[in-house]
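Quick notes on the structure that follows.
Remember, it's a predicted structure, so these values are computed and weren't measured experimentally. In this chain, numbering begins with 1 at the start of the sequence shown.
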Amino acid sequence: LARIAELDVLPEFAASGGFAVAAFGGHERVLKLQATFDELRGAGVECFVCSRGLVGPIRKCLDQVGLLGVFSQVFANVGPTGDCTDYDARLPQGYPGAQDALYLGSAANAGWGSKGRLVGRLMRERGLTFEEAVFVDDTASEVEEVQGICRTIFVERGEGMGPRECSML
């Protein structure tokens, strides 16, 4: 979270609206994603994030681009389980402050094992059938694991969801 704040003020990111906007592909792509997720929410679709990344940075970036509110929950890792990195050790005592602490995750966000197991659990909790859920991912092995559980969309280019994937939803 501290690193995102540091990146936000670098000229190459500040000029484009901050690190999160750049990471999401720029303002135009963010607007397209917002429109897609607004349409899904309007149709009563519940969306989740399931990532191998860290809950805090994912939530912060989603918030900075106006997309955090479209996701019911972010499932990801909640932090290091071993020694901290040199970077972490240099952070001011008491970090993160209240402003960033709201992005941090808890046990409810982590410990879900495989994405397939999480998708299956979420579907069972909601009484959804194979045809009523869609899993979108850019890792072929993750998509293959979930193919027998629900419909899947493989994001082929590693640049995030584009027009192809948005139209498939």
Separation between CZ (Phe13) and CG (Leu7), nearest 0.5 Å, reads 5.5 Å
Check whether Thr139 reaches the backbone of Glu142 with its side chain - one donor and one acceptor, N or O, closer than 3.5 Å. no
Do Leu122 and Val134 belong together in a cluster built from hydrophobic side chains that touch within less than 4.5 Å? no
Find the distance between SG (Cys50) and CZ (Phe71) and round it off to the nearest 0.5 Å. 12.0 Å
Determine whether Val55 and Trp112 fall in the same hydrophobic cluster, where Ile, Leu, Val, Met, Phe, Trp and Tyr are linked whenever their side-chain heavy atoms lie under 4.5 Å apart. no
Report yes or no: do Ile58 and Leu67 belong to one cluster of Ile/Leu/Val/Met/Phe/Trp/Tyr joined by side chain heavy-atom distances under 4.5 Å? yes
Checking Leu1, Val74, Leu54 against Arg59 for side chain to side chain contact (heavy atoms under 4.5 Å, CB included), the one that qualifies is Val74
Any donor and acceptor pair, going by atom type alone, linking the side chain of Arg124 with main-chain N or O of Gly120 inside 3.5 Å? yes
Smallest heavy-atom separation, Gly53 atom then Ala76 atom, equals O-CB, 3.3 Å
Hey, mind stepping through Phe154 and Val136 against side-chain contact (heavy atoms from CB on, under 4.5 Å) and telling me if it holds? CA-CA 6 Å; Phe154 176 55; Val136 181; over 6 Å; no
If you take all heavy atoms of Asn77 and Arg52, which pair is closest and at what distance? ND2-O, 2.7 Å
Pairs in or reaching into residues 9-24: which pass salt bridge (charged side-chain N to carboxylate O under 4.0 Å, His left out), with residues at least two apart or in two chains? none
Please enumerate all residues that pass ring-ring contact (aromatic ring centres under 6.0 Å, His included) together with Phe135, with sequence neighbours excluded. none
How close do Val78 and Ala110 get, heavy atom to heavy atom, and via which atoms? CG1-CB, 3.8 Å
Minimum heavy-atom distance Ala22-Ser16, with the two atoms named: CB-OG, 3.8 Å
Sidechain N-carboxylate O distance under 4.0 Å for Arg151, Glu132: no
Could you tell me the separation between the CG atom of Leu104 and the CG atom of Leu102, rounded to the nearest 0.5 Å? 8.0 Å
Arg126: which residues meet the salt bridge (Lys or Arg N to Asp or Glu O under 4.0 Å) condition with it, sequence neighbours left out? Glu46
Heavy-atom pair with the smallest gap, counting every atom of Met123 and Ile149: CE-O, 3.4 Å
Partners meeting side chain to side chain contact (heavy atoms under 4.5 Å, CB included) with Gln73 (sequence neighbours left out): Phe48, Phe75, Ala108, Asn109
For Val21 versus His27, what's the shortest heavy-atom pair and its separation? CG1-N, 3.7 Å
Is there a chain of hydrophobic side chains (I, L, V, M, F, W, Y, each step under 4.5 Å between heavy atoms) that links Leu33 to Leu62? yes
Between atom CD of Glu165 and atom CG of Asp137, what is the distance when rounded to the nearest 0.5 Å? 11.5 Å
Do Leu169 and Val119 share a hydrophobic cluster, counting only Ile, Leu, Val, Met, Phe, Trp and Tyr and linking them when any side-chain heavy atoms are less than 4.5 Å apart? no
Is the shortest heavy-atom distance from the side chain of Met161 to the side chain of Arg29 under 4.5 Å? yes
Candidate pair Ser141 and Val143, rule side-chain contact (heavy atoms from CB on, under 4.5 Å), full reasoning: CA-CA 5 Å; Ser141 61; Val143 172; over 6 Å; no
With rounding to the nearest 0.5 Å, note down the distance linking CD1 in Ile153 to CE in Met168. 4.5 Å
Using the side-chain contact (heavy atoms from CB on, under 4.5 Å) rule, take Val155 and Arg164 through it: C-alpha gap first, then chi angles, then the decisive distance, then the call. CA-CA 9 Å; Val155 180; Arg164 173 187 161 269; 5.7 Å; no
All pairs passing salt bridge (charged side-chain N to carboxylate O under 4.0 Å, His left out) where residues 33-42 contributes a residue, at least two apart: none
Taken in chain and number order and not counting sequence neighbours, the residues that satisfy salt bridge (Lys or Arg N to Asp or Glu O under 4.0 Å) with Glu145 are none
Gap between atom CZ of Arg121 and atom CZ of Arg117 - 0.5 Å precision: 10.0 Å
